[in-house]
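In what follows, every chain begins at residue 1, and chains take the letters A, B, ... in the order their sequences are listed. Everything numeric in this text was worked out from a predicted model, so none of it was measured.
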Number of protein chains: 2
Amino acid sequence: MSSNPKSKKQIIFQEAAELFRDKGYPATSMRDLAERVGLKPSSFYSHIKSKEEILQKICFDSAEKFTIGMKEVCDTEATNKEKLQLLIRLHIKVATEDPTTATVFNDEWRHLSEPHLSNFLALRRDYESHFLKIIEAGISTQEFKQISPSLVLYTIINSLRWLHFANKPTKELSATQIENDLIQLLLQGVEKNVL
Amino acid sequence: MSSNPKSKKQIIFQEAAELFRDKGYPATSMRDLAERVGLKPSSFYSHIKSKEEILQKICFDSAEKFTIGMKEVCDTEATNKEKLQLLIRLHIKVATEDPTTATVFNDEWRHLSEPHLSNFLALRRDYESHFLKIIEAGISTQEFKQISPSLVLYTIINSLRWLHFANKPTKELSATQIENDLIQLLLQGVEKNVL
DNA sequence: ATTTTGCGAACGAACAGTCATTCGTATTTT
DNA sequence: AAAATACGAATGACTGTTCGTTCGCAAAAT
């Protein structure tokens, strides 16, 4: 059964996430993973069902975080501007809390097999449509500029995609510093306002 | 000799870029590619040297576009704000002119083998450092807000990464429309200025 | 004019290697 | 004793690539 400090299953998922991030899912072999975990390839079929089960867990666990986060945002009474701020914070939180799974979630979902691929895409579509509604609402209340909502959506979502590479920049920047700077950047742009 | 309308080599590169975009480099087999081109797997070794040669060409051709574009921007006499605008336009141009190779350039370069991987990363580092200098200069002249330059760099670069998925959104938006909206969005943010 | 030579393009077959996974069995843990 | 965990060996499928060969066409030689 699950050994105490961290179950072997958890270790497998974590090491796998790192490998998937670094090499991608198809280029990561079970032998690579075995070596990392300190097991022979045949051995972790006592713990997991298949290679894809790992990918599925990572993808859908991350997806759930976004789904839950979106629900919370939608349930609050807040201006659209505030909701957008909360969503940006949500993306930053997910990306920084668990950077490896966030990467896999972002880039490796396409290697899911059916029907999981369709299920995942449905979750994603749902999330994006909620996101879109907030942007559209913000435009109609004149909180936001009149810019194509889907263009705004994709720009914002993707602008946060570098966060989970975590190693390169911003070692010295605090998390809240990053949050605040990013929100200012996305809401008001790089250009300095002339007041 | 090179048959006229499009040489077979060109066809191979183009079909390969599409497959690499859709399935990723490691998940794309030479047999997949063969079927697309209408050749048997063994046959295109008359045209190309190896699978990786295709990846190399795509990556370094795209890299060259950015390098050349950056040189042009650096050579102009312009304010840092104007230079940043030009760089954003450059990214949009590359991403929309040849969306498939742009995707490969963005996501599949890590599968390059040495020494090509190091060469590629050197080009990239060089590009980014020029980009950073412009942002830093803009901050010191007070054209830009005082936000961590590398944070601005990665946000901008990545915010344009969805463009090459081309299919999903913005079918009806013209290219110049997209350009203008994006520049406004990145320079001045989503929020509507209260004037 | 006819034959010979050369060559790029395409092929089927086969290569050695790797892939994820399964099975039977041993070892360890409970 | 029972259950969970680990292993070596083997599986069939797939990987990129090479080999020897063939076909059609163009240039060269007769």
Atom pair distance, as rounded to whole Å: [atom1] in [X] and [atom2] in [N]:
X	N	atom1	atom2	result
Ile11(B)	dA9(C)	CD1	C1'	13 Å
Lys40(B)	dG16(D)	NZ	P	16 Å
Arg31(A)	dG17(C)	CZ	P	14 Å
Tyr45(A)	dG8(D)	OH	C1'	15 Å
Phe44(B)	dA10(C)	CZ	P	11 Å
Glu35(A)	dA20(C)	CD	P	14 Å
Leu39(A)	dT27(C)	CG	C1'	14 Å
Ile48(A)	dA6(D)	CD1	C1'	14 Å

Looking at [N], I'd like to know if its phosphate oxygens (OP1 or OP2) sit under 4.0 Å from a side-chain N or O belonging to [X].
X	N	answer
Ser29(B)	dT15(D)	yes
Lys51(A)	dC19(C)	no
Ser43(B)	dC11(C)	yes
His47(A)	dA6(D)	yes

> Would you call the rings of Phe66(A) and His91(A) parallel, tilted or perpendicular if under 30° counts as parallel and over 60° as perpendicular?
Replying inline: tilted
>> Using a heavy-atom cut-off of 4.0 Å across all strands, would you classify Ser42(A) as base, sugar-phosphate, or nothing?
In response: base
>> Do Thr79(A) and Glu82(A) pair up side chain to side chain, a donor and an acceptor below 3.5 Å, judged on atom types alone?
In response: yes
> Only one of Leu87(A), Thr176(A), Leu163(A) forms a side-chain contact (heavy atoms from CB on, under 4.5 Å) with Ile92(A), so which one is it?
Replying inline: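 The passing option is Leu163(A).
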>> Ring of Phe144(A), cation from Lys81(A) - is the NZ or CZ under 6.0 Å from the centre and inside 45° of the axis?
In response: no
